[in-house]
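So the structure is just underneath, and the comments pick up after that.
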Amino acid sequence: MSRKISFNCPVQAGDEDRYRIQMGPQHPATHGVLRVDLDLDGEIIRKCNPHVGYLHRGFEKLAEHRTYVQNLVLTDRLDYMAAMANNVGYCEAVEKLLAIEVPQRSRYLRTMVCEMARLASHLLWLATHALDIGAMTVFLYCFREREELLEIFAELCGSRLTNTYTRLGGVRQDVTHSIMMKLEKFVDSFPSNLEEYETLIDTNRIWLKRTIDVGTVGADEAVGLCLTGASLRGSGVDYDIRKHFPYAAYDFMDFEVPLGETGDTYARYRCRIEEMLQSNSILRQCIERMPPGPIIGDDAPDLIMPNKPGRKVEVDVPAQQSLIKLVEDRETFMEGDVYVATEVPKGELGFYFVSDGNGTPYRMHIRSPSFLHISALKTMAKGSMLADLIAIIGTLDVVLGECDR
Amino acid sequence: MQILILLIQIAILVAVVLLHVAYATYFERKIIGHMQVRMGPMLVGWHGLLQPIADGIKSFFKEDIIPDQADKSLFLAAPIICLAAMMVSLSVLPFAKGWALADINVGLLFIFAMSSLASYGIILAGWASNSKYTLLGGIRSMAQVISYEIAIGLSLVGVMMLSGTLNLSQIVEAQGNSFFGMFIISQPVAFFVFFIAMLAETNRVPFDLPEAETELVSGYITEYSGMRYAMFFMAEYIGMFVMASIGVVCFLGGWYGPFAVPLFPPIWFILKVYFIMFLFIWIRATLPRYRYDQLMAIGWKLLIPLSLGNIFITGLAMTLAQ
Amino acid sequence: MGQLNENDLVKIKDGVSFIPGASALVGPLNRIINWGRAGSIWPVTFGLACCAIEMMVAGSSTNDLDRFGIIFRASPRQADCLILAGTITKKMAPVIRRVYDQMPEPRYVLAMGSCACSGGLFDTYAVVQGGDNFLPVDVYIPGCPPRPEALIEGLITLQKKINQEQGRWSQLV
Amino acid sequence: MESTGIIPRLEVSYPDDVLHSYQYCGQDVVLTRKKHILDICSFIRDQCAMNHLMFLCAVDNSRRKEAIGKNEYERFEVVYQFYSMTTKHSIRIRAQVPDDDCSIESITSLWPGADCLERECFDLMGIHFSSHPDLRRILMPEDWKGHPLRKEYPLRGIGEWAGYETLKEKSLELRTFDYRSSQKGNE
């Protein structure tokens, strides 16, 4: 049976000699459902137009119809490679809005899971980046390491990817001795494993040829493009939210922010590798300095919902949907707006809340790093070759769940 | 009668080579699996031994899609050209003394001709599919084959000079007679050039640009399904086999080994071929992929000057030796 | 598409049936083909959201889908099976359908995770409430996201389904 | 994020535009009119060394309790958050955009990265950014009707997107295409 194929790329006037190619949404190298429309001249990209939105699930709208506690599960599905970091980011923002105090132990626990999530995410990034460039064995080695972390997650909160570990005012569950033992074992063995990947990749001439001087972006340009995270630090800009707006227990941690110089794909790759080592050292500090105490604060909002003294349930039926709004009588629960950013593996993840005193956010805006990174692709890919585009997408470390929300 | 025997010989050769192709994929998956700390096929047959047969059966009974906008006749012809060209080049390979279907005097040239013809199949496939990815894959393949055919040819000139013939059996005999036993010892540079160009010629990692999965989906075979895809697959593996065989014949002493094997003389030949195949797979598991312009740069700026220099030095040495 | 029902066939003797009007015998050959198909399911490399990460983990060393003869193919033309790994949005649905349409018969669809099964927790304007709205789904795998083991179980279920098929032939041109 | 002294400077430089300023949770916020937003942004970038645009989003004020009945609030507002990597100060600008003239100047000339964010505001909230180079929908399909983040837009959407309708029709067509009907089609 013959079937019709069409490419949906109409030829416009003046474009007849351009070779138009549509990469994605189903393409092995677009990390999910990114679509990139390319104008090629031979193999050189003349124009690159990324299209996103193929995973737009309406997070921000959905959040307006749910309570602050209910919204926590949504954040897992943002950057599903590092769900823990998103949980922490969300909780930090809501706690600032509701002025909830977090006990010291749970701050340390949050730092710990954040860094574990960073390692898991960076390992996955290294795996897919290497696979995109063609080194398929690194892909599987990285997954081996990542699996250890995921199993620790599973033991900690019962889930591998979508953890929902944090709670407003603390975390859900304390660590057990066996988790700490496993983590310690991981922390001890990780640097030598990382070295193994580096020997596979970093000493490889082909890898260096494929990454050095590819997708170069200068410091000022990177700031203008609103790049954050390792993609920005690869260009030598010292901006890390863990240092600039310390949250959780990063105040008490001793770590460095690795910076690149050249701003090319290789510099970003080096930055992330160094970051993994720093994360490892933060994890070690967490294990050593973990303070005793409660894991959830006294003034944390209670999860047992209706009919508790001091709470009232208000049924509000707007025009087209019926939704029970749980209104909490908290003094600290005011009208206002707040923006809190955290450093997730991809970059700066910020939550902007507008509250009008209800139990649900009036407006929740998620500032996702991947969204801005993809928009930077347009500038970065121009003039490079088709194979470089793959390397650039890989090095920007985008995840479409976070980008499209 | 002679024709009948020849036909039987051809049938046996084709059957053996097809079986080899099937199991080469199995070995590749197994070896790469073990290099990547996993097992490879395990559950279809004992240790996955029936895996290639299951793949074959499945492919044979898949639907055969021909895109609407494709050039139908060329689309159908491309895999056949590819496979036929590769299969024909098998006929001149000497597996052991006297074990060649056609012991012709221009065997080496014949193989070059046929492997270039196979790349026609690839280009036609890329063009006839009328899809952008396949066209890019076809163009890449064309450029790659043209540049590396030169390097591979020049690298073998040294061998031709030393053996004084283009007949593959006689090249092996020349190595058997020579002092060092194998041309790899007297022609190491040529072997180096040949090996790299061989990887490029068979579209293997790190030169698998025509079918770079993360760039061009599947390159020139993106639009092929079912049996036609399997034919390209077979052609690729036969191509690997042929190239490895040339390497063995020209550099590694062909069927000669440390001692003669009485009942089944090609054993050394096959072992050597499989050693080169193992190198192919090892490289695939280790190296990333080159970029298109870098590939061209290696071909023109490194391999061709090297092999020209090699010819010069070989000629000089031969003149001095006389 | 070419799926036959049991009662469409005329049974000649035990294990051998006859398709009326198609001059084809369905017998032990059927079993061999089913064995071949079940033994080499090639899914298309196509991840939608979170579940795709678990799908990748299933293909990696710890679980190793290659043991079952399952390798991921980038081009839908060479694939047998579409794993809907993740949330299906309305913008994405036509694309998924097109990928499915490009796959050659026989083809199978696995809905992996609660989003692909039923829309999951995203009951919003942008999300399709389950992949079976526009695709014939063969196997549903619950979980958010399902563990890699669950995906493997789903694939084994698919193999069982394939082994029960009768005369699912590909259509000639 | 302590007080920075930028707000007084803004009030001096743009007395007509700054409506109101306050501090909440230690974050500085300024409400402005939309008219000179590009000048305000370039003032903030160049004079106050705020080089990093943290985020840009739009808010629909129509059901906001604090906004109802106050005439300095318009129907929409576009929120900008700026941060200075050198002085570590940040400021938030809330530019009010009325319902009847739903447009504001684009700041893509100052921050190229704002391109996507403004397209997102246009897509989800329907705010038109004048002088934006390429203002199209970004997250929703091109022919989507309505702006989902507006308060009157229901969670499950109005009607059905045309593309999805066609897809469903096509699937229904194919569902009838079984073994027998395909046999007929071949004859």
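Just so it is clear: chains get the letters A, B, ... in the order the sequence lines come, proteins before strands, and each one is counted from 1.
Counting heavy atoms of neighbouring residues, nucleotides and ligands inside a 6.0 Å radius, atom CD of A/E261 does not exceed 12 of them. Other residues, nucleotides and ligands contribute at most 12 non-hydrogen atoms within 6.0 Å of the OH atom of B/Y120. Within a 6.0 Å radius of NZ in A/K382, other residues, nucleotides and ligands contribute 12 heavy atoms or fewer. The number of heavy-atom neighbours closer than 6.0 Å to CZ of B/F278, taken from other residues, nucleotides and ligands shown, is above 12. Enclosure of atom CE in B/M39 is not indicated, since only 12 or fewer non-hydrogen atoms of other residues, nucleotides or ligands lie within 6.0 angstrom.
For A/N204, the part lying near chain B is the side chain, with the backbone staying farther off; criterion is any non-hydrogen pair under 4.5 Å. In this structure, chain B has a heavy atom under 4.5 Å from the side chain of A/I390, while its backbone stays farther away. With a threshold of 4.5 angstrom between heavy atoms, B/R284 approaches chain A through its backbone and through its side chain. Heavy atoms of B/Q36 lying under 4.5 Å from chain A belong to its backbone as well as its side chain. Heavy atoms closer than 4.5 Å to chain A are found in both the backbone and the side chain of B/L136. Heavy atoms of A/M385 lying under 4.5 Å from chain B belong exclusively to its side chain. Within the 4.5 angstrom heavy-atom criterion, atoms from both the backbone and the side chain of B/Y290 approach chain A.
A salt bridge does not link B/R291 to A/E43: none of the charged side-chain nitrogens sits closer than 4.0 Å to a carboxylate oxygen.
If you take CE on A/M136 and CZ on B/R289, they are separated by 10.5 Å, rounding to the nearest 0.5 Å. Expressed to the nearest 0.5 Å, how far CG of B/L287 lies from CZ of A/R205 amounts to 12.0 Å. Rounded to the nearest 0.5 Å, atoms CD1 (A/I44) and CG (B/D293) are 8.0 Å apart.
Inter-residue side-chain proximity for B/T286 and A/T137 is flagged as unmet; no heavy-atom pair is nearer than 4.5 Å. In this structure, A/L386 and B/R140 have side chains that are in contact, with non-hydrogen atoms separated by less than 4.5 Å.
Under the rule for a side chain to side chain donor-acceptor pair (under 3.5 Å), the partners of A/E145 that lie at least two apart in sequence or sit in another chain are A/N193, A/Y197.
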Checklist entry - A/R210 and B/Q294: side chain to side chain contact (heavy atoms under 4.5 Å, CB included), yes or no, with the steps? => result CA-CA 9 Å; A/R210 283 295 304 275; B/Q294 294 165 349; 3.7 Å; yes
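For the set A/D388, A/L131, A/V138, A/L389, the entry with the most heavy-atom pairs within less than 4.5 Å of chain B is A/D388.
Scanning all heavy atoms of the two residues, the minimum distance from B/M35 to A/Y141 falls at O-OH, 2.9 Å.
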